[in-house]
Amino acid sequence: MMSGNQSEFVSLWEPAELTSTILSASGRQVVSHWISAMAFLDENQHPALLAMDKQSEPSFSQLVHAVSSEFVPAAVLNELLRKGVVEQLDSGYLLLRRSTYVHDVPSLEISPEVRRKTHSPGRSAGRRHNDGT
């Protein structure tokens, strides 16, 4: 799965807002790379399971070093495990939890002007029509 050309990226996923809030800069960079670099995605373009050992590919160490050779894989892994971002499986692989990333759908980003034009009179823009008043 590791290729010589690691510059291939996809924009299907982005870190969830909470993930971006609770992680350090190095943790955020590693998660962002995991969800966007083709070398670390499976055949369905979902984040691949990563091996804990360096003999299997792709490995967590390879991911961390692809982001920065200055990052210590054990330190980054400790943070991701402690914050509940990854799960260590009995098989020796790491799973990036699905709650860590969301679909990157730029078409859902609506400008305030569009929201005002599509807003129904008599309803609060931030509330569902069946919310109590």
Do [X] and [Y] share a hydrophobic cluster, counting only Ile, Leu, Val, Met, Phe, Trp and Tyr and linking them when any side-chain heavy atoms are less than 4.5 Å apart?
X     : Y     : value
Leu18 : Ile35 : yes
Tyr93 : Leu50 : no
Val30 : Leu12 : yes

Closest approach of [X] to [Y] (non-hydrogen atoms, all atoms of both residues):
X     : Y     : value
Ser20 : Pro15 : OG-CB, 3.7 Å
His33 : Leu63 : CD2-CD1, 3.7 Å
Pro73 : Phe60 : O-CE2, 3.4 Å

- Any chance you could lay out the side-chain contact (heavy atoms from CB on, under 4.5 Å) test for Leu80 and Leu23, step after step, and finish with the verdict? CA-CA 8 Å; Leu80 299 183; Leu23 293 179; 3.8 Å; yes
Calculate, to the nearest 0.5 Å, the distance between atoms [atom1] and [atom2] belonging to [X] and [Y] respectively.
X     : Y     : atom1 : atom2 : result
Ser59 : His65 : OG    : NE2   : 9.0 Å
Leu49 : Glu87 : CG    : CD    : 10.0 Å
Ser36 : Leu41 : OG    : CG    : 7.5 Å
Leu96 : Thr19 : CG    : OG1   : 8.0 Å
Leu94 : Leu81 : CG    : CG    : 6.5 Å

- Do Trp34 and Val86 touch side chain to side chain, with heavy atoms closer than 4.5 Å? yes
- Query: Who passes salt bridge (Lys or Arg N to Asp or Glu O under 4.0 Å) against Arg82, sequence neighbours left out?
  - Reply: none
- Stepwise side-chain contact (heavy atoms from CB on, under 4.5 Å) check, Leu77 with Met52: CA-CA 10 Å; Leu77 177 59; Met52 293 282 296; 3.6 Å; yes
- Message: Under a 3.5 Å distance rule, please check whether Thr100 uses its side chain to pair with a backbone N or O of Arg97 as donor and acceptor.
- Response: yes
- Is a side-chain N or O of Arg98 found less than 3.5 angstrom from the main chain of Tyr101, in a donor-acceptor match? yes
- Message: Can you see whether Glu79 engages Ser24 through a side-chain donor-acceptor pair at a distance of less than 3.5 angstrom?
- Response: yes
- Query: Which residues satisfy the ring pair (Phe, Tyr, Trp, His ring centres under 6.0 Å) test with Phe71, sequence neighbours excluded?
  - Reply: none
- Query: Residues two or more places apart in sequence or in another chain: which of them pass ring pair (Phe, Tyr, Trp, His ring centres under 6.0 Å) with His46?
  - Reply: Trp13
- Give the intermediate values and the outcome of side-chain contact (heavy atoms from CB on, under 4.5 Å) for residues His103 and Glu14. CA-CA 6 Å; His103 270 283; Glu14 66 179 338; over 6 Å; no
